[in-house]
Protein chains: 2
Amino acid sequence: MSTIRDIARLAGVSVSTASLALNDDRRVREETRRRVLAAAGTLDYHPMRAARSLSSGRTWSIHLLDPALGENMSSGFFTRFLRGLHDVARDGGYTLTLTVPEDEAESRAVLKRLIAERWSDGVVLMNPTEHDGALGDVVAAGFPHVLVGRSPVAGVSTIDNDNVRVAFDATASLLEAGRRAPLLLNGPRDRTFTQDRARGYLDACAAFGVFDAPVAYVDGLADATMRALAAHREAGRPLDALVTVSDPQAVVAMRALQEDGLRIPGDVAIIGMNNDDVTQFTNPRLSSVELNAYDLGRGAIETLLERIANGAGDAQRRIVPHTLVSRESCP
Amino acid sequence: MSTIRDIARLAGVSVSTASLALNDDRRVREETRRRVLAAAGTLDYHPMRAARSLSSGRTWSIHLLDPALGENMSSGFFTRFLRGLHDVARDGGYTLTLTVPEDEAESRAVLKRLIAERWSDGVVLMNPTEHDGALGDVVAAGFPHVLVGRSPVAGVSTIDNDNVRVAFDATASLLEAGRRAPLLLNGPRDRTFTQDRARGYLDACAAFGVFDAPVAYVDGLADATMRALAAHREAGRPLDALVTVSDPQAVVAMRALQEDGLRIPGDVAIIGMNNDDVTQFTNPRLSSVELNAYDLGRGAIETLLERIANGAGDAQRRIVPHTLVSRESCP
DNA sequence: TCGAGCCATCGAACCGGTTCGATGGGTCGC
DNA sequence: GCGACCCATCGAACCGGTTCGATGGCTCGA
């Protein structure tokens, strides 16, 4: 474990010159620089992170705060997102660090410590459910941040899909094929993306002359989905097109409908969202909306790095494009 | 951003006393300690990570080095593993940091830097494929580590399922039901767990009087699996029981067999491994071996923390228990 | 020939904690 | 009454980098 003083001694220069040389400062003479680098090579020198952080004020690490670790969205989505974060972070010289807060309170506490302990240079807030407290701390501290999965808020940088269009496109793809009795199986009512998706769905319905299209708010997976479908049937409403906001939800619904003797897509066409691996494993295979999780991750870090590099600028607002993936569950 | 000197000044003590008080050292008088803590409270003091690291030599962070981020094993397995790592790390006061090396060379480079830059207090090596270089560095440096998904090596701490038994139990569950024409769709030949699983499978076959049971080594997913099945059929061998070493592989095989007009489990019983979410989405639902990824994560960090706390002890070797989960794809 | 200005280098201060050895006051035993 | 010992506290050194201001040698123009 050699220190910069060892390098300086071996290269026959002062510690400060060694530091400058190692950081490619133009002030040092070419020949001196070479000598220092050679010394560093022979001693296999690696600057200690903590020391570097302490004096430079940068940690070269970025924190991901995710309450769920992608547990709610089955399979590939989260790992693809994570991979996007990682790749861009690494290319920028940053390390990715991870915390899963248990609840709102812990989330806020972690965020406070993150800032106060100068522990990371920035934070990615995944699916934050809260509007006030924690977010306020971050903004007030001028701490570099980016929110994923949350509608834009004043003064806060966000990145997400255009959820209105996602739902619009998914719905339209079914109506274009002639279906006229749609149902949206939505998420819990209190999320911004849920609201956005309801709007996109209703807009698409209206565009095709279908008014008062039904929306079911589903909080939970299998049981809640079954209940929503049952309620729809009992209300005596017809159904020939089902839009769901996640793929597992679509799969559950598909099973339930099939068990009722309905044919997919003959009687009911179905489209999900996320393009999870799951889509490959159903019978028929499930159509879905690819949300490009990897790009979501990429974009999040890009936003963050820009923010870190340029200091506090205006809040950014990025949109990640989506694409429809048509499979057997659509006509 | 208050520093410990601010606390000391406000509490009317020296910096060293403040530090001792904040670290619950018994030498400081109760009343003094309270004064210091009160001061820390009013100023909302949080010790800066980098400074603490530099002087104490501990980083309070643990690194996960995973070449695949669980991309090969679809869905829940990786996130459950990650969650296990995270929870135990957090309870121990540690943060989890993540790197995905592109290849062997980068893996080794990252590991070297990890140690040399004193960047983490320990490392979890996920599915390491290499025997020599990187591992040697770690052991030589006496750096706390634990290998996941790798058969025990001398001097190295490992944690994994008992892969021989996993395959044994899966195979036996089919043979017990009277099947006598099994096939193992295994992973690539050069992994230790692949070898172990082949052995478990063959042992189980022998125990039921089935000798020379066939094993197909599959490197890849869909195409490779189809080819393996085709080769088996062309060899004119019968098939009534299929064991695969991952669930996605089982799903691909199930589809292929169904398209050939075979009934599952009537004609061929199938069991996979990992108990991925996927098992819920196939028709029929897939039996699998639950490998307890969460416990794997827990155990990995526990091993590591012990190692960090007690200094270099003997290499540990942990086994995580597995359980069979019987679903519709088995008789 | 002299001063301005640049270039390469250096010593020292600094970042914010932890820890070591020293200090002074009080208690106790002889 | 005095030394031994303990207790609480303190100042200073230290961890290993980065950075600021100073320095001395050199070139160049007047």
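Letters A, B, ... are given to chains in the order of the sequence lines, protein chains preceding strands, and every chain is numbered from 1.
- Put simply, CZ on R26(B) is 16 Å from C1' on dT9(D), counting in whole angstrom units.
- Under the 30°/60° scheme for interplanar angles, the aromatic rings of W60(A) and Y94(A) are found to be tilted.
- For R318(A), the CZ atom sits in a packed shell: over 12 heavy atoms of surrounding residues, nucleotides or ligands are nearer than 6.0 Å.
- Separating the CZ atom of R33(A) from the P atom of dC7(C) is a distance of 17 Å, rounded to the nearest angstrom.
- Within 4.0 Å (heavy atoms only), S53(B) reaches no atom of the nucleic acid at all.
- Judged as a salt bridge (charged side-chain N to carboxylate O under 4.0 Å, His left out), and not counting sequence neighbours, the contacts of R27(B) are D25(B).
- Not a single salt bridge (charged side-chain N to carboxylate O under 4.0 Å, His left out) links R118(B) to another residue, sequence neighbours left out.
- For E31(B) and R34(B), the salt-bridge test fails: no basic side-chain N is under 4.0 Å from an acidic carboxylate O.
- With sequence neighbours excluded, no residue forms a salt bridge (charged side-chain N to carboxylate O under 4.0 Å, His left out) with D103(B).
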List, with names and distances, any nitrogen or oxygen atoms from the protein found under 3.5 Å away from nitrogen or oxygen atoms belonging to nucleotides 16-20 of chain C.
unit_1, atom_1, unit_2, atom_2, d
dG16(C), N7, R5(B), NH2, 3.3
dG17(C), OP1, M48(B), N, 3.4
dG17(C), OP2, I4(B), N, 2.7
dG17(C), O5', Y45(B), OH, 2.8
dG17(C), N7, R5(B), NH2, 2.6
dG17(C), O6, R5(B), NH2, 3.3
dT18(C), OP1, N23(B), ND2, 3.3
dT18(C), OP1, R52(B), NH1, 3.4
dT18(C), OP2, S19(B), OG, 2.7
dT18(C), OP2, N23(B), ND2, 3.4
dT18(C), O4', S55(B), OG, 3.0

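- Computed from C1' positions of five pairs at each end, the angle between the two local axes of the helix from dT1(C)-dA30(D) to dC30(C)-dG1(D) equals 60°, rounded to 10 degrees.
- Applying the side-chain hydrogen bond (donor to acceptor under 3.5 Å, both in side chains) rule to R298(A) yields the partners E302(A); only residues at least two apart in sequence or on another chain are considered.
- Judged purely by distance below 3.5 Å, without hydrogens or angles, the side chains of S120(A) and S61(A) pair a donor atom with an acceptor atom.
- In this structure, CZ of R34(B) is placed 14 Å from P of dA8(D), rounded to the nearest angstrom.
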